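Single-structure report; data block below.
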2 protein chains.
Amino acid sequence: MALSQELARGTVMPIVLALLNEQPMYGYELVKTVNDRTNGVLQFKEGTLYPLLHKMQSQRLIKAQWETAEDTGKQRKYYHITSKGEKLLTESKTQWQQLSEAVNVLLALG
Amino acid sequence: MALSQELARGTVMPIVLALLNEQPMYGYELVKTVNDRTNGVLQFKEGTLYPLLHKMQSQRLIKAQWETAEDTGKQRKYYHITSKGEKLLTESKTQWQQLSEAVNVLLALG
DNA sequence: GTATAATACATCGGAACACGATGTATCGAT
DNA sequence: ATCGATACATCGTGTTCCGATGTATTATAC
């Protein structure tokens, strides 16, 4: 996860929900997007993401759909968020804000 | 940890370091202090904290000292931070800020 | 043209962390 | 005399994440 510590634990699912809330994406795309947007601070691993996507699918937070890329002809599994996933995303955002505030106070960061 | 999710994983050690950097404290006091200062958003559990304190002591991040409370006469194990702990605290704060920034971007929270 | 890197999916075992349950002991309040 | 709070502790379990490993295709480099 690039951060040497295990600080980022628990953030993966909320981040996946947030990205899929913007637009449907496939797994490999999620990995690259997170890496790009955070300048490598967060780096999803495939060994983390693929099992998580399957789990989220079984929990009906997301749905999957195979598509063939127009350019490359490769098979891609696109995921899109469900209404149940949207609800969890909203809750997760609130929880993250609460956690963030609490940790900032305790670490004396304002 | 009060937050229903496992979002707060990895924050316990940095928080302990930050509090002990203010002043020496004993375990039970750390539990109550975190609960108070975050209005219950974060709640350290004794089953989490005591083993962690032992581990941090073995890593020479903190040192322990038994003292007898003047008021109650109870035995309390006071922990204070070491210079090695201070260094880790500095790094942990930076890591937290990086993580916080990255997650805020991805969750579209500014 | 053939090797290598990138794309794109997947599984599995292990490690780290946090927690609930449980235990001991003391002290103050009811 | 009982109960809750204080104050320490251990241990097994569950969750999450990761590295290693595997398959297959496509684009790039030599």
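What you see is a predicted model, and the numbers here were worked out from it, not measured in a lab. Chain letters run A, B, ... following the sequence lines, proteins first, then strands; residues in each count from 1.
- Between the side chain of B:Lys84 and the backbone N or O of B:Gln59, at least one donor-acceptor pair lies under 3.5 Å.
- Grouping the Ile, Leu, Val, Met, Phe, Trp and Tyr side chains by contacts below 4.5 angstrom, directly or via other members, places A:Leu52 with A:Met25.
- OP1 or OP2 of C:dA10 has at least one side-chain nitrogen or oxygen of A:Lys77 nearer than 4.0 Å.
- Contacts of residues 41-56 of chain A with DNA chain C (heavy atom under 4.0 Å): A:Glu46, A:Gly47, A:Tyr50, A:Pro51, A:His54.
- Closest-nucleotide positions on DNA chain D for A:Thr11 and A:Asp71 were compared, and the one nearer the 5' end corresponds to A:Thr11.
- For the pair B:Gln57 CD and D:dC8 P, the interatomic distance rounds to 12 Å; values are reported in whole Å.
- The shortest side-chain heavy-atom distance between A:Val16 and A:Met56 falls under the 4.5 Å cut-off.
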TODO: Check the pair B:Leu19, B:Val34 against side chain to side chain contact (heavy atoms under 4.5 Å, CB included), reporting the backbone distance first and the verdict last.
DONE: CA-CA 9 Å; B:Leu19 293 177; B:Val34 167; 3.7 Å; yes
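- Nucleotide C:dA25 holds its P atom 14 Å from the CH2 atom of B:Trp66, rounded to whole Å.
- Contact check for A:Tyr28 versus A:Leu49: no side-chain heavy atoms found under the 4.5 Å cut-off.
- Side-chain atoms of A:Thr68 do not come within 3.5 Å of backbone N or O of A:Lys74 as any donor-acceptor pair.
- For A:Val12, taking side-chain heavy atoms from C-beta onward, the closest of the listed nucleotides C:dC9, D:dC17, D:dA7 is D:dC17.
- For the pair B:Lys74 NZ and C:dT24 P, the interatomic distance rounds to 16 Å; values are reported in whole Å.
- Atom CG of B:Leu88 sits about 8.0 Å away from atom CD1 of B:Ile81, to the nearest 0.5 Å.
- Contacts of A:Tyr78 classified as ring pair (Phe, Tyr, Trp, His ring centres under 6.0 Å), with partners at least two apart in sequence or in another chain: A:Tyr26.
- Atom CG of A:Leu99 sits about 10.0 Å away from atom OG1 of B:Thr38, to the nearest 0.5 Å.
- Summarising the geometry, the separation between CD on B:Glu70 and P on D:dA7 is reported as 14 Å, rounded to the nearest angstrom.
- Within residues 19-36 of chain B, no residue has any heavy atom under 4.0 Å from DNA chain C.
- In this structure, the CZ atom of A:Arg76 is 8 Å from the C1' atom of C:dT7, given to the nearest Å.
- Rounded to whole angstrom, the span from the CD atom of A:Gln75 across to the C1' atom of D:dT26 amounts to 14 Å.
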